Structure formats: structure tokens, C-alpha cells
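What follows is a single structure, written as C-alpha cells, with notes after it.
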Number of protein chains: 2
Amino acid sequence: MSETDENKAVRERVTIRTVAAHAGVSVAAVSKVLRNAYGVSEALRGRVETSIDTLNYRPSRTARGLRGSTFTIGLLLVDIRNPFLPEVIDGVNGVLAPSNYRAMIGVSEAKIQLETSLIESMIDYKMDGLILVAPRLPSEIISRFAEQIPIVAVGYHDPTAENFDTVNCDDQQGAALAVQAFIERGYRRISMLTLGSREGHRVSVVRQREIGYREAMETAGFAAEVDIHSVPVFSPDREDSIRAFLRRPDRPEAVFCWSDLDAVTLLNLAAEMEIRIPEDLTVIGYDNSPVAALSLINLSSIDQSGRALGVLAIETLLSRIDGRKQPLSLTNAPSFIARGSSLNGATPSNYR
Amino acid sequence: MSETDENKAVRERVTIRTVAAHAGVSVAAVSKVLRNAYGVSEALRGRVETSIDTLNYRPSRTARGLRGSTFTIGLLLVDIRNPFLPEVIDGVNGVLAPSNYRAMIGVSEAKIQLETSLIESMIDYKMDGLILVAPRLPSEIISRFAEQIPIVAVGYHDPTAENFDTVNCDDQQGAALAVQAFIERGYRRISMLTLGSREGHRVSVVRQREIGYREAMETAGFAAEVDIHSVPVFSPDREDSIRAFLRRPDRPEAVFCWSDLDAVTLLNLAAEMEIRIPEDLTVIGYDNSPVAALSLINLSSIDQSGRALGVLAIETLLSRIDGRKQPLSLTNAPSFIARGSSLNGATPSNYR
DNA sequence: TAAAAAATGTAGAACGTTATACATAGACCG
DNA sequence: CGGTCTATGTATAACGTTCTACATTTTTTA
């Protein structure tokens, strides 16, 4: 080939036909090599693989999607600012990196219609499977989608799911850890800050953490002290609600926040209002986010190891893609990370 | 249809053939309606649209990808923890939401090979165009990809790009704003904390911010005070390097950080080392991230409006997908957000 | 050694949509 | 009214790969 022909070859996409002609075999033979299908000699396999490397051939995912697999995992995130999520993505990507699979992420911004539309788009794109992280959809809807595509839901407590899998941290236990940590430090008036808008849905991590808080308080004999303050989802009502909580004349001595996101907001509003942490109010969050660990924030938090959940979710999904039909419901244990926001009897300088 | 037949119809995917049969027209007519192509009567259009709605038909993106458009935008992020990125995504999704387009995100974790592999995957998936956010790839590689697919690069200063577009905040001006803010407050010994590993690449926002810092210092007559401290990319070397900077006997009185990420780390390490901010060291970051605005962090920062950049990027990409060939190089202006970390002569309580 | 079984490679249809050529009907003009 | 032009709808191939049927070759068995 002259230089001009070589440039032309580089610019036009190499297809399976190009490879077949280069290797001197049929298109179906190349396909068999690609799919690692039965009925290919080592000699022919070698010739085809050499041609693939020489020509830098990459299969078209869209063409594959018409009949076979795209080797693509869809990952649906509801709120990209949730500090848990980078860990989950790290876990998923770590498992996929050595393989032919790639994860493609859709962000639905806590909007149900966009959440549904993104799932549909991923199905229309013939992705091989989906991981839904803290989905807002009811179980019946997810189940309907799961008839069309393998699904694993993370941060979604539906142990009765029959055609999709769930992977969770034990959120009841996590909340109980927080309550126990308060009680061990002598606190009795312990409230919980929760996220509103979804009353009664036990599948949601928020509800599970409420249940855990409530049961731990009752177990400890403080049923009369149970107090759950519900925060709206969207700003600025969210910050206003936390501010109102802090202003209560009957403000408790300790508060468990459903998430570091709101716990950090609460810490900052408390600082503005000259409420001392932990002297006037003791705080434990949830997620063990990077922000919680900053010395200037110094927030105690429940760790749910997003990375491990991501690894577990992708492994579970790959096994479902491989053909497993039996539903799995997997649960990791949380742990308590103590920091300055929940130290007992600390002075202001210790908190800083 | 009996109930059994109805259930069966629900479960099988509706294709364009189903719609054509339902509407009593040809497959090609339905395709023309879908593509809004010339040569369709209003009567036929009405019939087809009714059938589409009745049957809840959604086209297959993989089939469309073989010949037409998938109505999918690929968004490549190098580091999902960069606080700038949720804003960019919000901007992009906001523009796409009312349309048939959807954004799918790939996360490359600052790994060049994964970055390349994800771009290739997006091309193999026949996405209609790509937005690369702070890509690490050299310009020639991006240009080669841009021969295959429309590309807009955000946070990538290559004004000579001929076959792809760039959308940036003016990073030199942003750094100059920070230097000027210090000088207005009387500071002369002003250092810069930058990110290492990519010496000399002017396309990188880091290098642009260095240039802006250096020129602003020279313009102000403080060329002899120019001091750039380079931080490694990966932990824990990154934190160690910032700690070493803080420990310098000749530590400056003011420091401009290339990004809020490292500025916040610096603030926290300073707190641990009992270096008072802003009395002992004045700090300005870059990105105006949500963490910077927390009262307990209170970091002055250069705002580059990620959301506006996202909007501009997606609008630019859509115009390129529509056929524009002329390259665009668009630049937004930054602004300075003053907070406690750079207040002049403030007392510790003011900083808090 | 002949028959049976297993392995190999190919031909061709399928997958779901788009794009184009063109036959035909309808509208317009002289 | 006949010829020309325009609009409409359809037939069909293309896109790039997978899957299956089956002809042929090779290997195994009795």
C-alpha cells in the first residue's frame, strides 16, 4: 500500500468483513473467534487474532446489540452529589477494568420521570445489565424492568424481590450503631434527622435507618424520647428545615442524621448559630464521606463501604447476566467511625 | 385478545414492524414519521403517531446506531470527585431533558488507558457526540478521535484545535483575579499550589492557572516572589506534599491553590498544625465548590460556573452534530468569591 | 478398513432500523 | 384536457454482527 492508501485504511472503520478477508476465512469464523464459540481450530483462531491485532479491529457495539451482547453495564445514579457514589463507582470500575465490559452512567437528579426514561434508554441501548443505586421507583416498576434486563439494586431494601437482586448495607444496624454510640456516651434525648417525601416505603435506605433508630431507642428503653425530624428534599426548604430544628427550644442533646450531606449542613448552620458541637449538640452522620473526615468538619459517621458494595453489586449483576435466575439479597455490615462531633465532654478546641 | 394474549403482547418488544402493521402502513412510512422526513401526509402521520402511543413503541437505539442516530451524548469525566463536575452535568442534563437525547457518562479515574478505552467504547456504541471534561489526552489524539465523532472538550485550552471545539473558563484570568485579590489586601509573598505530572502542557487548566498566576505577579512587579509548589496527583503523596509546603520555614503569607480540592486539604492540614487562617496564611481556591461555601471551611474561591460551561458545551456539541465544521473556542469569564480564608486582618473567631 | 462420531468452516437469515430509488397519485398549468 | 411537476408511500438493500443449519473434513471406534 502507498501512503495515501494507508491513510485511507486508517480512516475507514474496520469491520468483521475486513478481518475475514485479511485472515482468509469467513465472516462467521471471525464471529466464532470473537464469541469464543465452539468449532474453531487453533490454527484458524491464531490467524484471525493476528488479523484483529494488525487491523486494530473493534466490534461495533450497536451491531452486537442487535443479536448478542454489548458488554456494557448501565449504572443509574439518582444524585451525583451523594458522597457515597464515587466509592460505588470505584468498586464497579475496579472489577470491570480488566474485562471487555464498560460501565456507562446515567444521572437522574432525583426526578422519577428522568429515572424511568434513563432506564428505558439503557434498555433500548441493549445494555447487558443495570445497577440501580438508591432508586426511587417502586418495586413493581423495577420488577417490570427486570423482565427485560438483568437488574441489581443497591441501597434498596426489598428482600421479596423475585426477579432482581438487592445489595445493601444493613441500614437498620447502622442506625442502631449510632444510637448505641450516643447511649454509651450517656445521651438519652436523641433525635433523628431524616429525609422526607417517601413515607412508608420500607425499600428506601432512609426508612430503614428510621426503623433502626426507632428500634434501638425502644430496645434501650427510650421509646418516649423517639423524635424524628423530616427534612424536605429540595433547597432551600431543606436548609430552612435544619435551621428550624436547631432553633427548637426543646432541641435534643444528640442527633443522628440519615446522611453526611445533611449532617454537614447541620454542623455549618450550628456554627453560624453559635451552637457548640459536641457540647450543646452531639452529631453522628451516615456514609463516612470524605468531607466528614476533614479536620474542620470532624464528623462522626457510620461507614457503609461504598466500594465494597460496588464490587458486590457488579459481581452479582455479572452472575445474573450469566444466567442465574434465583434472586439474591446481600447485606454488608456497617461500622462506626468516631470523630469530634460525638466526643463526650470535649472542649471547643478539641472539636476543632 | 384474551388476557393471556395481552400479557404476551406486553412482554414482547414492540418494533417498527408492529407499529406499521397496527397503523396499516409500510415500515418505511413509520421510519419517515420517526425521522420527521419529507414525504409524509398529515393523515398518515396522525395514524402512525396514534399507533406509537397506543403500543408504547420506543425505537431500538442499537438498530438506529447502525444507520442513523442513537440520540445519545457521551460525557467523559476524568475524576468524579472533582467538585466542578456535578455542575457541568446539571448544565448538560438541563439542556437535554426536554429532548430525545440522553447523556451517558464514563468515568476514567485519571487513567489514560481507561480514558482512551472509554472514548473508543462510546464511538463503538455509535453515540452521536462526546463531551470530554478536563481530558488528559494530547491534542493529536483527541483530533484523531474527532475525525470519527463530534467532540467538545471542556477545561482544555487548545485554541488551535481544528476539528473539535473547546469550551473553557479563562483560567489565566481566574488566577490573575486571585493574585489581584491578595495584592489589594496588601500581600506580596504569594505562592501557588499546583498539580504536578504534566509539565509544559498548555492545554491543561492547571498550566493555564500557573501562567495566569505568574503573569499577574510579574505585572504587579513581584516577579522575584513567584513561587510554585507542585503537588503529586495520587494520595498519600499529595497530602504529604501539602503538609511539607505548610512546614516551610519560608512559608509565604498567601497561597493561591489551583483547585478547591487541594485548598480544602490545605485548610484542614493547617488547622491540625495550628496555622491560623487567614492570620498566618491567606488562601484562595478555585472552583467555588459547595465545600468551599461551608461556614466551617469558609474558603475564598474563583468561580467558573460549571453549570454555564455545561450548557455551553452541550449547545456547542449539538451544533457540531448538526453539521457545523468550523471549530469554536469559547471562553467564559471567572469571578472572585470572597470568604473568610482571605479576609484581611480577621480574628480567629471571624474566620470560624 | 469401514462406519460412526466429532470437529470444523461456511452460507445465509436474522436482528430493527434507516436511506434511497422509484412507481403512482394528485395538483397545477397552458 | 393532456402534459408536466410535485407529493406521497412502498420495496428493498444497507448497516455490522450473531446464530443456526448443514456440508465437509477429521478423528475415533469396532
Side-chain angles (χ1 to χ4, degrees), chain A residues 12-49 51-52 55-72 100 120-121 123-128 148-149 321, chain B residues 12-49 51-52 55-72 100 120-121 123-128 148-149 321:
Chain A
E12 297 191 351
R13 182 164 185 107
V14 178
T15 69
I16 199 168
R17 290 181 210 174
T18 327
V19 175
H22 189 267
V25 300
S26 72
V27 163
V30 179
S31 178
K32 275 188 170 179
V33 172
L34 290 173
R35 289 177 287 123
N36 208 26
Y38 179 79
V40 176
S41 68
E42 288 308 306
L44 186 142
R45 177 181 302 276
R47 287 209 313 279
V48 169
E49 285 173 349
S51 292
I52 286 169
L55 299 173
N56 263 302
Y57 166 70
R58 292 191 324 266
S60 160
R61 283 174 197 245
T62 49
R64 286 184 145 189
L66 280 195
R67 201 74 194 273
S69 306
T70 56
F71 295 99
T72 304
N100 201 21
E120 286 170 347
S121 295
I123 292 174
D124 297 343
Y125 231 155
K126 287 296 175 70
M127 291 185 184
D128 298 316
Q148 301 170 56
I149 189 169
I321 290 169
Chain B
E12 299 193 345
R13 184 167 183 109
V14 178
T15 70
I16 199 168
R17 289 181 210 176
T18 327
V19 175
H22 190 266
V25 299
S26 72
V27 163
V30 179
S31 179
K32 275 189 172 180
V33 173
L34 289 174
R35 290 177 284 126
N36 208 26
Y38 179 76
V40 176
S41 68
E42 288 310 307
L44 187 140
R45 177 180 302 276
R47 289 209 313 280
V48 168
E49 286 173 347
S51 293
I52 286 171
L55 298 174
N56 263 301
Y57 166 71
R58 295 193 322 268
S60 160
R61 284 176 196 244
T62 51
R64 282 183 151 194
L66 281 195
R67 201 70 196 275
S69 305
T70 57
F71 295 100
T72 304
N100 199 22
E120 286 171 348
S121 295
I123 292 173
D124 298 342
Y125 231 155
K126 286 297 173 72
M127 292 184 183
D128 298 317
Q148 301 170 57
I149 189 169
I321 290 169

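Quick caveat, the model's predicted, so the values are computed rather than measured. A, B, ... follow the sequence lines: proteins, then strands. Residue 1 opens every chain.
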*What is the minimum heavy-atom distance between A:L44 and A:A29, and which atoms define it?*
CD2-CB, 4.0 Å
*asked:* From the set D:dG16, C:dA6, C:dG16, return the single nucleotide nearest to any side-chain atom of A:T15.
replied: D:dG16
*Which one, C:dG16, D:dT18, C:dA11, comes nearest to the side chain of B:S60?*
C:dG16
*Length of the line joining A:R64:CZ and C:dA14:P, which is rounded to integer Å*: 22 Å
_Candidate nucleotides D:dA11, D:dG9, C:dG9, ranked by approach to the side chain of B:V40 - the nearest_ = D:dG9
*asked:* Just the rounded figure in Å: distance from P of D:dT17 to CG of A:N100.
replied: 13 Å
_Rounded distance (Å) that lies between atom P of D:dG9 and atom CG of B:L44_ = 5 Å
*asked:* By nearest heavy atom, map B:E42 and B:V27 onto DNA chain D; which one lands nearer the 5' end?
replied: B:E42
*Quick one: which of D:dT10, C:dT18, D:dT8 gets closest to the side chain of B:Y38?*
D:dT8
*Looking only at side-chain atoms of A:R67, point me to the closest of C:dA14, D:dT17, D:dC15.*
C:dA14
*At under 4.0 Å between heavy atoms, what does B:G39 touch on the DNA or RNA strands: base, sugar-phosphate, or nothing?*
base
*Nearest-nucleotide comparison on DNA chain D, the residue closer to the 5′ end among B:S26 and A:Y57*: B:S26
*What is the minimum heavy-atom distance between B:V27 and B:A20, and which atoms define it?*
N-CB, 3.8 Å
_A:S41 side-chain proximity, nearest of D:dC19, D:dT17, C:dT8_ = C:dT8
*How many Å lie between CD1 on B:I52 and C1' on C:dT17, as a whole number?*
13 Å
*Can you tell me how far P of D:dT17 sits from NZ of B:K126, to the nearest Å?*
9 Å
_Nucleotide C:dC15, atom P - distance to CG of A:D124 in whole Å_ = 18 Å
_Any heavy-atom pair between the side chains of A:R13 and B:I123 that's under 4.5 Å?_
yes
*From the list C:dT10, C:dT17, D:dT18, which nucleotide is the closest neighbour of the side chain of A:K32?*
C:dT10
*Exam field: side chain A:Y125 to backbone B:Y125, donor-acceptor pair closer than 3.5 Å*: yes
*For A:L66 and C:dG16, give me the distance from atom CG to atom C1', rounded to whole Å.*
6 Å
*Closest listed nucleotide, where the reference is the side chain of A:A29 and the choices are C:dC15, D:dT10, C:dT10*: C:dT10
*Could you check which of C:dG9, C:dT18, D:dG16 has an atom nearest any side-chain atom of A:A63?*
D:dG16
